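Let me begin by presenting the structure, written as structure tokens, before commenting on it.
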Amino acid sequence: NQYLDWLPVAAKTKRNHLGEIKRMLEHAVIEEILFSNAASLAKCPKGPKANLHRDLEPIDLNLIFANAGPWHLYYLFLYHTGLRAGDVAMLRYKNLHKERGTIVSLVRKSRKVHEFPLPAVLHQTIEWGKDEKTPLFPSLYTVSEQTLNGKLKKPRKHMQAILKAHDRPHATLHSFRRAFNNALRDLGLEIGDRQALLAHASSDTTLIYTSRNLELARQYVDQI
């Protein structure tokens with residue numbers, strides 16, 4: 001414990017040090033050099049929780065969309081639908097219903113199919129008329145969860161590079177989801193309707209980010 005307290009590094013690095021020491025001493029126990037692993041009793045300090053998925057302020061959104069390049073439509077979908085980055089990456093044209101103006105998609109986290117309003121700004125930007133099996137974002141689409149995480153690194157790094165270049169705080173693709181929720185909150189949409197749009201099982205989860213009526217929700221998302 002004294003060693004961990006003495007280390008002039010971040011809490012995460014201290015946990016890494018402790019992990020290495022535990023493994024080293026465990027090997028000594030296996031070889032009967034030690035009778036027990038004393039490191040298993042050590043208490044690693046907890047550092048402050050980083051606000052990785054911070055809300056995106058208007059200045060952040062302006063910078064991101066002005067420099068989005070090939071990721072412009074993808075960022076638009078994240079901001080105007082509030083869907084998770086992986087769920088948006090998995091969208092195909094069959095998920096978009098032009099006449100009804102909705103997105104019908106599987107939310108991977110809940111493993112349930114949800115219907116969301118398709119905002120007017122996206123309806124006007126999408127290139128309609130493609131085969132329904134065509135991915136909306138071919139460079140991101142994959143059926144492998146592990147591969148998906150790797151593919152999402154490109155738009156995430158691009159966004160973070162934009163923010164860093166303009167001395168803005170760190171954010172993630174999930175920050176668009178928070179910005180979506182907070183924009184609807186500021187417009188006056190009740191938490192129950194925001195919960196439905198975000199596909200949260202509990203309104204308590206929605207409060208952390210801080211539809212029952214599809215047409216009402218559509219009126220609000222079109223204002224963002």
Side-chain angles (χ1 to χ4, degrees), residues 52-56 60-166 168 170-181 183-184 196-200 209 211 214 217-218 221-222 224:
L52 296 178
H53 311 305
R54 71 173 180 88
D55 188 14
L56 294 174
D60 300 313
L61 294 168
N62 288 334
L63 288 171
I64 290 170
F65 285 113
N67 300 278
W71 304 111
H72 190 267
L73 181 60
Y74 182 64
Y75 294 156
L76 275 180
F77 258 83
L78 294 179
Y79 179 52
H80 288 277
T81 67
L83 291 173
R84 293 178 178 84
D87 291 338
V88 173
M90 297 298 288
L91 289 175
R92 291 188 285 176
Y93 277 85
K94 72 174 185 178
N95 300 116
L96 310 178
H97 296 252
K98 184 177 181 180
E99 291 73 20
R100 183 168 167 76
T102 60
I103 302 171
V104 178
S105 175
L106 171 71
V107 175
R108 294 174 304 126
K109 188 170 183 178
S110 66
R111 307 310 301 174
K112 294 181 180 179
V113 175
H114 292 261
E115 183 178 40
F116 308 94
L118 180 64
V121 63
L122 299 179
H123 197 288
Q124 297 165 2
T125 308
I126 294 169
E127 295 182 16
W128 297 100
K130 296 191 177 182
D131 185 271
E132 66 173 15
K133 295 182 180 180
T134 302
L136 199 61
F137 304 100
S139 63
L140 298 178
Y141 184 84
T142 177
V143 295
S144 167
E145 194 80 18
Q146 187 174 2
T147 305
L148 176 61
N149 292 333
K151 287 178 175 287
L152 291 177
K153 183 177 180 180
K154 294 180 180 179
R156 182 178 72 249
K157 291 295 185 182
H158 183 83
M159 165 195 171
Q160 291 170 344
I162 294 171
L163 295 174
K164 185 176 182 180
H166 293 86
R168 296 296 300 161
H170 181 85
T172 69
L173 295 177
H174 206 74
S175 297
F176 283 109
R177 188 166 164 83
R178 294 193 64 167
F180 173 78
N181 174 66
L184 292 175
L197 284 171
L198 291 162
H200 284 158
Y209 288 77
S211 123
L214 183 65
R218 189 194 311 281
V221 298
D222 282 345
I224 295 179

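Atoms considered below: every heavy atom in the structure, side chains included; atoms not considered: hydrogens, waters and symmetry mates. None of these values were measured; they are calculated from a predicted model.
At least one side-chain heavy atom of Y75 sits less than 4.5 Å from a side-chain heavy atom of H158. The side-chain heavy atoms of R84 and V107, taken from C-beta on, include a pair separated by under 4.5 Å. Contact annotation: the side chain of Y141 never approaches that of K151 to less than 4.5 Å [non-hydrogen atoms, C-beta and beyond]. With a 4.5 Å cut-off on side-chain heavy atoms, H97 and V104 count as touching. Looking at L118 and T81, their side chains never come closer than 4.5 Å, going by heavy atoms from C-beta outward. Side-chain contact between S139 and Y74 is absent, with no heavy-atom pair separated by less than 4.5 Å.
A side-chain contact (heavy atoms from CB on, under 4.5 Å) with N67 is found for exactly one of H166, M159, H72, namely H166.
One finds the CZ atom of R92 at 8.0 Å from the NZ atom of K133 (value rounded to the nearest 0.5 Å). Rounding to the nearest 0.5 Å places NZ of K112 at 15.0 Å from OG of S105. I64 CD1 to L56 CG: the interatomic distance, rounded to the nearest 0.5 Å, is 5.0 Å. We find the CG-CZ distance between L197 and R177 to be 10.0 Å, quoted to the nearest 0.5 Å. Taken from NE2 in H123 to OG1 in T102, the straight-line distance is 9.0 Å, to the nearest 0.5 Å. To the nearest 0.5 Å, atoms CG (L198) and CG (L83) are separated by 9.0 Å.
Across L63 and R168, no two heavy atoms sit closer than the pair CD1-CG, 3.8 Å. Shown here for I162 and A68, the closest heavy-atom pair between the two residues is CD1-N, 4.3 Å. Closest heavy-atom contact between A85 and L78: CA-CD2, 3.6 Å. The two residues D222 and P119 come nearest to each other via the heavy atoms OD1-CA, 3.3 Å. When all heavy atoms of Y93 and D131 are compared, the closest pair comes out as CB-O, 3.6 Å. Minimum heavy-atom separation, F116 to A199: CZ-CB, 4.2 Å.
The closest donor-acceptor contact from the side chain of T125 to the backbone of V121 lies under 3.5 Å. Of the possible polar contacts, one joining the R218 side chain to the G101 backbone as a donor-acceptor pair under 3.5 Å is found. In this structure, the side chain of S175 engages the main chain of R54 through a donor-acceptor pair within 3.5 Å.
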Pair M90, F137 - check side chain to side chain contact (heavy atoms under 4.5 Å, CB included), show working.
CA-CA 8 Å; M90 297 298 288; F137 304 100; over 6 Å; no

Apply side chain to side chain contact (heavy atoms under 4.5 Å, CB included) to the pair K164 and H170, showing each step before the final yes or no.
CA-CA 7 Å; K164 185 176 182 180; H170 181 85; over 6 Å; no

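When only modelled atom types and interatomic distance are considered, H53 and T172 share a side-chain donor-acceptor pair under 3.5 Å.
Between F77 and F176, the gap from one ring centroid to the other reaches at least 6.0 Å. F180 and Y79 have their aromatic ring centers separated by at least 6.0 angstrom.
Salt bridge absent: D55 and R178 never bring a charged side-chain N and a carboxylate O closer than 4.0 Å.
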